[in-house]
Structures are given as C-alpha cells and as structure tokens.
J.: 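This is the structure I want to talk about, given as structure tokens.
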Amino acid sequence: MIDEFGRVAGLITIEDVLEQIVGEIEDEFDIVEDEGDIFGLADRTYRVSGDTSIERVNEAFGVTLVPPGDERDFDTIGGLVAHEMGHVPKRGESTELAGLNFVVLHTKGGAVRWFKVSPAEAGDKPS
C-alpha cells in the first residue's frame, strides 16, 4: 500500500488476502515462540532446528540426550551434536545419539541451522 505521500505504508501478500477469505493459514513461517522448531516430514522423519532446546528434543522423541546431573552444559541440540562430533558439522554429516540419527541439512555462520532426525537403524553408521 502507498500512503498519501507516495511512501510504502505496508505490504499485502496473497497469503493475507486468502486469510481474509478462508481464515488463518499456517505454514513453515508461522512458528509460535517457545513451541520449538520440530516439523514432521512426509517421509516420517523430522526437521529439527539446531537452536531447539535439548529438553524440547527429549520430550518430542521420548529420549534422554544428556542424562540429568551430567557435567556437560548444553542448551541446544546443535551445540550438543557439534560437541559429540568434535567439530562444527558440515552438510551431509551425521551422527547417532540416544537412538536417533541426526543428519545435517543446512549450516550457516558456523552453526547447524537444520537437522533431519529419524530413528537410528541397526545398520546406520555416522559419517
């Protein structure tokens, strides 16, 4: 929208128009704060943000990644995986933790942005 002075006053997207007609549309950009960044994928795996808390991952997958009282202090799954691998992982690298296979999908700025997470199978070996 343009205001009376010829400046951009706002932006209306197709999604905004459709939401006025059919109601709220949720997509990957509508993330509720503190709800975590864990999304189910069509192939029955999950996309997990590297900055998702370890507690959130534990709850979502029913695992214990870091036992209570462990002296290691990690807040995010990205930090824990990087520590376990001994380096900042690159795209395509994977590791297994607590019966889950973590494959790096995307990195940015020296940190993992997204993992693909699936139950580890007997034949899975980290690269």
J.: Can you list the steps and then say if R56 with I38 is a side-chain contact (heavy atoms from CB on, under 4.5 Å)?
T.: CA-CA 9 Å; R56 173 83 172 109; I38 300 175; 3.9 Å; yes
J.: Does the side chain of F102 come within less than 4.5 Å of L97's, by heavy atoms?
T.: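 In contact.
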J.: What distance do L100 atom CG and T95 atom OG1 have between them, rounded to the nearest 0.5 Å?
T.: 11.0 Å
J.: Should V103 and L65 be counted in the same cluster of Ile, Leu, Val, Met, Phe, Trp and Tyr side chains packed under 4.5 Å apart?
T.: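 No, because V103 and L65 fall into different hydrophobic clusters, even though each may have its own neighbours under 4.5 Å.
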J.: Dump the intermediate steps for side-chain contact (heavy atoms from CB on, under 4.5 Å) on E93 and V88, then the final yes or no.
T.: CA-CA 10 Å; E93 287 189 292; V88 177; over 6 Å; no
J.: Among N101, V81, L105, which residue meets the side-chain contact (heavy atoms from CB on, under 4.5 Å) test with F115?
T.: V81
J.: Are D37 and W114 packed together at the side-chain level, in the sense that at least one heavy-atom pair is separated by less than 4.5 angstrom?
T.: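 Touching, per the 4.5 Å side-chain cut-off.
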J.: Under the side-chain contact (heavy atoms from CB on, under 4.5 Å) rule, what do T107 and K90 come out as? Steps first, then yes or no, please.
T.: CA-CA 7 Å; T107 62; K90 293 180 175 43; 5.7 Å; no
J.: Tell me the closest heavy-atom pair linking M85 and S94, and the distance in Å.
T.: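 Heavy-atom minimum between the residues: CE-O, 3.9 Å.
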J.: Of N58, V57, T52, which is the lone residue that meets side-chain contact (heavy atoms from CB on, under 4.5 Å) with I54?
T.: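 The option that passes is N58.
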J.: Side-chain contact test, heavy atoms from C-beta onward, threshold under 4.5 Å: evaluate it for D43 versus K116 and give yes or no.
T.: yes
J.: Is Y46 reachable from V63 through a run of hydrophobic residues whose side-chain heavy atoms are each under 4.5 Å from the next?
T.: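 Yes.
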J.: Kindly compute the distance separating CZ (R47) from CZ (R113), expressed to the nearest 0.5 Å.
T.: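 Answer rounded to 0.5 Å: 11.0 Å.
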